[in-house]
Structure formats: structure tokens, C-alpha cells
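Take a look at the structure set out below.
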Amino acid sequence: MTQDRYIPGVPCWVDSSQPDPQAAAEFYRGLFGWDLEDQMPPEAGSHYFAARIRGQDAAAISSVPEGAPSMATWNTYVWVDSADDAAAKVREAGGTVLSEPFDVFDAGRMAVFSDPEGAVFSVWQPNRHRGATVVNEHGAVNFNNLNTRDAEQAKAFYGAVFGWTTLDVGAGFTAWTLPGYGDFLETINPGTRERNAALGAPAGFEDVVAALVVLGDDQPDTPAHWSVTFGVDDADAAAERTTALGGTVLAGPFDAPWVRMAVIADPAGATFTASQFVPEGQAAAG
């Protein structure tokens, strides 16, 4: 693709920090079929494996950054015009700047923040790297999800930082929306609104950029966090493959509106969701 698929305020990239990035690369290659290329020189002492599908950027796997806890995580990045301006907004809204804005070679400029409840996320001010160029298919990002206990506080914070609002999609699902994003999608992918309507999506769904998940009392030890959902062709097959590759299926596969999904931990413990789209009519027939 030569045209950007993001505007400021839209999650645009994910990567996984891993204590053993080479082992993680083998796991995800086996699960998703990714082609992986280490973009760090041999003398760097660290790794950044770009994961590609048909030559298009899908995600990445990296060494744990220096000074960060040695644990495996998936990280969400939001596209911004200015990482420095985003840092100022985060502070004003009551969040914390964990890593001040810095340049990533000629790829872009980034910063790492936490919201008032402690959920960690990053921003990406693009230069050469323009975010994921393949989404919503097997092995590609399907959704980014904020898991929080205080939805009202989250709404105030992310509204101030990114201009997000929320949409009740139904069936207990709340989405983050960015007003005007649907207009952009309609420009780069004409017919977006018409296709959404044909699938029964509510008005305004074209502005959805992420999901808001309220952590329940049944998860007292789960901290607020951002999580990642990847699309898969077959959730049951993905679960079986996970086990064979040394990962763990934490939940599922189970059915939810429009999807069949499984919650998975890779061998190092980084968790994510594998989600298979199931049209409503197909689900009813099954």
C-alpha cells in the first residue's frame, strides 16, 4: 500500500516485548505463518523482528527494552501528529509519561505512557514506518482493547488525549470511536458504511477504533491493561496449534456475537485473543 490507513487517534501498530524474541518468533511463525525479518544489526545485542503477511507489515517481536521488566507483553501504539504534544496531553489528563518522546532511527518518533489506572500504551509519530499495512485477516490485528475497572475515568482520559468517544454496540460490547474516522475510511475504502450496515452494525460503527472492556469482580487480580486481538481463519485450529507450539489456551474457544475466539498465552506468557469472524446468519445456522 502507498496510502496511509490511519489518522491521528487511531491504533496503528502492535509489537511484543519478549525475553527470548527468537523463540517467540518461532512460536508466532508457526501459529500465524508470519515471515519474520530481524531489523537490528548483529552487533546491536537486541532484536526487532518485523512480522509480515504477503510482504506487508503486520506486527513485530522485540527484545525487552533496556530497563523494562523482563516479561512478555503485547504493546499497542496510537498514531499521532506529535509524540511531544501527546505527552503534554497525557500529563494534563492525569496520566504518566513512562518514556519521554524519542526518535526510532528514521522510522518515526514514539513515547510510552500509562493512563490514570496504570494501563500502558504507546504513541507513534510516523516517518518511514506507517503502521500495520495489513489488518483484519488471519495473523493480522483485528482489535485493540482497553481493559479497565473505571470506565468513566477512562472515557475522560482518552477523550482528552485522543478525542475518543464511546459507542454501545450491543451484547455488552462498548467501542471507542473517533469522530470523523468513518469519513477517512470511506475515502480510502469506498462502501465501508454500506458494508457495515449490511452486516447489521449500528450507526456510527465506521468510527470505531478500539474496544472498552470493563474488568469484572471475577478478575480481582487483573490490572488495567491494553490487549490485542488477532484475526484467525479457524479459532479451534488456532487453539490446537497453540498447544502444539508450547503455548497455553487460557479460555475457549467460545462463541460471542459475530465471532468465535480463544484467549491464548504464548510460551513466555504474553496474552492475546485469536478471533474468527462468524457472520450472524452462519452462527445461527450452526
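Between D35 and R52 there is no salt bridge, since no side-chain N of the basic residue sits under 4.0 Å from a carboxylate O of the acidic one. Of the charged side-chain nitrogens involved, none lies within less than 4.0 Å of a carboxylate oxygen, so that E92 and K89 do not count as a salt-bridged pair. In this structure, R109 pairs ionically with D84, as a charged nitrogen and a carboxylate oxygen lie closer than 4.0 Å.
Side-chain contact between Q125 and D81 is absent, with no heavy atoms from C-beta onward closer than 4.5 Å. A heavy-atom distance below 4.5 Å is not found between the side chains of Y77 and V123. Counting heavy atoms from C-beta outward, D57 and V134 have side chains that stay 4.5 Å or more apart. Between M261 and Q276, the closest side-chain pair of non-hydrogen atoms is not below 4.5 Å. Using a 4.5 Å heavy-atom cutoff, the side chains of L245 and D266 are not in contact. Residues Y48 and I61 form no side-chain contact, since every pair of their non-hydrogen atoms from C-beta on lies 4.5 Å or further apart. No side-chain heavy atom of W258 sits under 4.5 Å from any side-chain heavy atom of F173. Looking at heavy atoms from C-beta onward, V213 lies in side-chain contact with N147 at the 4.5 angstrom threshold.
Here the side chain of D115 pairs a donor or acceptor atom with the backbone of E117 at under 3.5 angstrom. Side-chain atoms of T148 come within 3.5 Å of backbone N or O of D150 as a donor-acceptor pair. At distances below 3.5 Å, at least one donor-acceptor pair connects side-chain atoms of W34 with backbone N or O atoms of G139. Side-chain N or O atoms of W164 include one that pairs as donor or acceptor with a backbone N or O of G9 at under 3.5 Å. R29 places no side-chain N or O within 3.5 Å of a backbone atom of A51 that could act as its donor or acceptor partner. A donor-acceptor distance shorter than 3.5 angstrom exists from the side chain of H138 to the backbone of D233, with no hydrogens or angles considered. Put simply, the side chain of D207 gets close to the backbone of G182: a donor and an acceptor are under 3.5 Å apart. Under a 3.5 Å cut-off, the side chain of W176 and the backbone N or O of L146 do not form any donor-acceptor pair.
With hydrogens and angles left out, the side-chain atoms of T177 and T165 include a donor and acceptor closer than 3.5 Å. A side-chain N or O of N75 and one of T73 form a donor-acceptor pair less than 3.5 Å apart. Checking N144 against T76 by side-chain atom types alone, a donor-acceptor pair falls below 3.5 Å.
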Inset, instruction - Given side chain to side chain contact (heavy atoms under 4.5 Å, CB included), test L98 with V120 step by step and report yes or no. - result: CA-CA 9 Å; L98 301 177; V120 176; 3.8 Å; yes
Inset, instruction - Kindly determine whether F143 and V208 satisfy side chain to side chain contact (heavy atoms under 4.5 Å, CB included), including the steps that lead there. - result: CA-CA 10 Å; F143 248 101; V208 167; 3.8 Å; yes
Inset, instruction - Check the pair V141, T229 against side chain to side chain contact (heavy atoms under 4.5 Å, CB included), reporting the backbone distance first and the verdict last. - result: CA-CA 6 Å; V141 173; T229 298; over 6 Å; no
Inset, instruction - Might you work through the salt bridge (charged side-chain N to carboxylate O under 4.0 Å, His left out) test for E152 and K155, ending with a clear yes or no? - result: CA-CA 5 Å; E152 294 308 311; K155 290 176 184 178; 3.3 Å; yes
Inset, instruction - May I have the step-by-step check of side chain to side chain contact (heavy atoms under 4.5 Å, CB included) for Y6 and R130, ending in yes or no? - result: CA-CA 8 Å; Y6 307 100; R130 313 302 291 182; over 6 Å; no
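Hydrophobic clustering (ILVMFWY, side-chain heavy atoms < 4.5 Å, transitive): L178 and V78 are in one cluster. In terms of hydrophobic clustering, with Ile, Leu, Val, Met, Phe, Trp and Tyr side chains grouped at heavy-atom distances under 4.5 Å, W124 and V209 are assigned to different clusters. V249 and F254 end up in different hydrophobic clusters when Ile, Leu, Val, Met, Phe, Trp and Tyr side chains are linked at under 4.5 Å. Placement of W74 and W13 in two distinct hydrophobic clusters is found when ILVMFWY residues are connected by side-chain heavy-atom separations under 4.5 Å, directly or transitively. Taking hydrophobic clusters as Ile, Leu, Val, Met, Phe, Trp and Tyr residues chained together by side-chain heavy-atom distances below 4.5 Å, W79 shares a cluster with W226.
Annotation for M40 and D38: closest pair N-OD1, 3.1 Å, computed over non-hydrogen atoms. In this structure, V90 and S114 approach most closely via the heavy-atom pair CG1-O, 4.4 Å. Minimum interatomic distance between A265 and L250 (heavy atoms only, all atoms of both residues): CB-CD1, 4.0 Å. A274 and A238 make their closest contact through CB-CB, 4.4 Å (heavy atoms, listed as atom of the first residue, atom of the second, distance). Pairing each heavy atom of S122 with each of M110, the nearest pair is OG-CE, 4.0 Å. The two residues A93 and P116 make their nearest non-hydrogen contact at O-CG, 4.1 Å.
How far OG of S16 is from CZ of F27: 10.0 Å, rounded to the nearest 0.5 Å. Distance check: T174 OG1 to N145 CG gives 12.0 Å after rounding to the nearest 0.5 Å. The CG atom of D217 lies 7.5 Å from the CZ atom of R149; values are rounded to the nearest 0.5 Å. Considering NE2 of H47 and OG of S63, their distance stands at 5.0 Å, rounded to 0.5 Å. Note: R128 CZ to D106 CG = 4.5 Å, rounded to the nearest 0.5 Å. Annotation: the span from N127 atom CG to F105 atom CZ amounts to 13.5 Å, rounded to 0.5 Å.
Using the six-membered ring where Trp is involved, Y158 and F121 have ring planes that are tilted, between 30° and 60° apart. Relative ring orientation between Y181 and F184 is described as parallel, the plane-to-plane angle staying below 30° on a 0-90° scale split at 30° and 60°.
Here Y28 and F272 bring their ring centres to under 6.0 angstrom of each other.
Shown here is F102, whose CZ atom has more than 12 heavy atoms of other residues, nucleotides or ligands within 6.0 Å. Counting heavy atoms of neighbouring residues, nucleotides and ligands inside a 6.0 Å radius, atom CE of M71 does not exceed 12 of them.
When T273, V14, N142 are each tested for a side-chain contact (heavy atoms from CB on, under 4.5 Å) with F230, only one passes: V14.
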